[in-house]
Amino acid sequence: MFVVTVECALDTSTQTFATMTSAEDLQTLVLTTLDKGGHIHDSKDLTALDGQPLDQLNLLGVLNSLKSRDMVDYDTIDREIWVLTDEGRDLADTGSHEARVFSAVPPGDDGIAIAELQNLLGEAAKIGQGKAFKNRWINKKGTTHLVRTVESIVDQTQVDLREIRDTQTHKDAKVLVELKKRKLVDKRSNFSLTIEKQATDITFEMLQTGEWKTASFKKYNFDAVGLAPQGGHLHPLMKVREEFRHIFFEMGFEEMPTNKFVESSFWNFDALFQPQQHPARDSHDTFFLKDPATSDRFPADLAEKVKRTHENGGDTTSTGYNYRWKREEAEKLILRTHTTAVSSYMLYKLAQEEFRPAKYFSIDRVFRNESVDATHLAEFHQVEGVIADRGLTLGDLIGFMDVFFKKMGIERIRFKPAYNPYTEPSMEIFSYHPGLKQWVEIGNSGMFRPEMLIPLGLPPDVRVIAWGLGLERPTMIKYGISNIRDLLGHKVNLAMIKDYPICRFDKKMGRELVGVVQDGENVVEEAREKLEKVTVVN
Ligand SMILES: N[C@@H](Cc1ccccc1)C(=O)O
């Protein structure tokens with residue numbers, strides 16, 4: 001236990017000489033001094049770096065703040081002290097009025113004229129005379145003159161004042177009363193502080209030295225609200241992913257395993273009835289692996305069916321693409337260009353058993369060999385949904401899209417016919433952006449072609465509707481991020497994740513700031529009350 005005693009006089013007039021040290025510096029000073037284990041019995045020993053005494057009131061403020069954080073504790077001991085007034089200080093230095101009067105009276109019988117004494121000493125003459133008479137130091141000669149009655153004197157008043165100046169008290173209480181009457185001293189309230197550092201843990205050293213026996217420990221504060229841990233903030237992209245995941249789970253979807261980024265061209269393209277000469281399979285669009293460059297880990301019987309379908313339509317009514325399908329091309333390993341690579345694999349798995357309706361989704365990373373700019377990166381995330389059942393129609397797809405996007409807060413969507421090698425019909429999905437005052441493309445969808453589903457082994461009357469959209473665009477709109485590189489890639493910083501504004505989709509897909517998460521404190525609540533229907537992720 002380290003103890004330091006600080007004396008603080010509540011006399012601001014004596015504070016003027018003290019240097020103003022910042023509260024922070026004072027705090028450091030107090031704590032480091034306590035840490036060193038040295039004892040400081042007097043605040044005069046606790047000096048600022050420049051060697052100046054500290055402002056005692058400042059010090060008291062700092063001690064209070066440290067105490068409120070349970071870092072130190074202190075007791076105040078009230079005490080009375082006596083201090084000299086300005087006049088008292090003057091007399092302590094130069095002697096009392098009566099002594100000055102005595103000195104002014106010359107030895108011998110002639111003495112000094114009272115009028116002259118008055119001229120010499122001014123104010124002091126009058127007060128001093130009375131005292132000097134009382135002390136029997138002088139006497140009157142006639143009515144006009146003063147003479148000495150003793151040869152020498154002891155200036156007891158000066159002695160007393162000096163004692164009070166140095167010790168802040170006097171052994172004779174009567175002297176104090178008397179000098180106070182003369183307005184030479186004044187009584188002050190004073191207190192001294194005993195500060196001790198509060199230990200929070202028993203340390204090895206404390207056990208070794210036995211200090212634990214006497215140490216003062218910080219009390220448990222069971223009411224304290226814990227500091228929110230800094231870790232565990234979701235990246236904005238992952239927050240929106242969570243929102244999508246919940247929508248899917250709510251609608252009865254199963255999550256597809258999307259944990260591998262590398263796929264064979266087979267699952268990414270061939271199984272999706274994408275011809276081997278398709279431009280998307282070019283190295284300008286797709287990242288091909290060097291080592292290992294190929295994989296033959298796809299079912300041989302399926303590969304045979306896919307080959308026949310590409311070449312001549314196989315078991316379907318299609319004529320196929322009329323080219324020679326090459327297994328080597330299908331074996332090429334790539335970074336998957338879309339999560340539909342996983343959907344084709346999952347539909348193959350589904351077809352292995354007796355058919356049951358299925359709803360699958362995935363949200364994960366895909367890669368395309370694109371030139372990078374403010375809105376494009378070589379990697380991004382896709383949200384993908386797949387529903388397989390008998391009797392599904394394009395109407396189901398449109399109706400489902402409507403419900404799905406409404407759950408995200410997107411009210412108005414439109415479709416435009418499109419082309420995908422693996423869907424027919426295909427539709428691009430547009431949403432009206434009131435800020436941009438235009439329809440923006442938000443996704444792509446369609447009904448998987450029989451040329452894809454029949455080789456996978458699904459019954460001919462099973463229809464599969466599917467759609468995909470990027471995760472980045474809704475996230476950027478929601479969080480007001482204009483450069484995709486702030487969101488993805490290697491520039492992501494933790495501060496951004498921690499303090500990122502929480503926005504919501506407003507009804508028309510506009511962005512609305514709802515709050516900011518700071519230091520684990522959730523300021524969304526307030527805003528949440530104001531907005532009736534808010535989709536907030538935090
Ligand atoms: N795979 C498509 C999205 C999509 C998924 C499913 C069906 C139709 C389209 C894309 O990458 O854009």
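Order of appearance sets the numbers: ligands from 1, and atoms from 1 within every ligand. These numbers were taken from a predicted model, which means no experiment stands behind them.
The number of heavy-atom neighbours closer than 6.0 Å to CD of Gln352, taken from other residues, nucleotides and ligands shown, is above 12. Annotation: Arg390, atom CZ; neighbour count of heavy atoms from other residues, nucleotides and ligands within 6.0 Å is above 12. Atom OH of Tyr345 sits in a sparse spot, with 12 or fewer heavy atoms from other residues, nucleotides or ligands closer than 6.0 Å. A 6.0 Å sphere centred on NE2 of His278 holds more than 12 heavy atoms belonging to other residues, nucleotides or ligands.
Checking only distances, Tyr422 does come within under 3.5 Å of ligand 1, N or O to N or O. For the pair Ser445 and ligand 1, the shortest N or O to N or O distance does not fall below 3.5 Å. At least one N/O-N/O distance between Gln382 and ligand 1 falls below 3.5 Å. Here's the thing with Arg368: one of its N/O atoms is less than 3.5 angstrom from an N/O atom of ligand 1. Geometrically, ligand 1 and Trp467 share no nitrogen or oxygen pair separated by less than 3.5 Å.
A cation-pi geometry, defined here as NZ or CZ lying under 6.0 Å from the six-membered ring centre and within 45° of its normal, holds between Arg412 and Tyr432.
Near Asn420, meaning under 4.0 Å from one of its heavy atoms, ligand 1 places the atoms 8 (C), 9 (C). Every atom of ligand 1 is numbered from 1 in the order shown, and the set under 4.0 Å from a heavy atom of Glu384 is 5 (C). Close approach of ligand 1 to Thr340 (heavy-atom distance below 4.0 Å) involves ligand atoms 1 (N), 5 (C). Listed by number with element, the atoms of ligand 1 under 4.0 Å from a non-hydrogen atom of Ala466 are 6 (C), 7 (C).
For Thr337 and Asp285, the side-chain atoms include no donor-acceptor pair closer than 3.5 Å.
The proximity of Thr339 to ligand 1, defined as any non-hydrogen pair under 4.0 Å, does not occur for either the backbone or the side chain.
Atom CZ of Arg281 sits about 8.0 Å away from atom CD1 of Ile334, to the nearest 0.5 Å.
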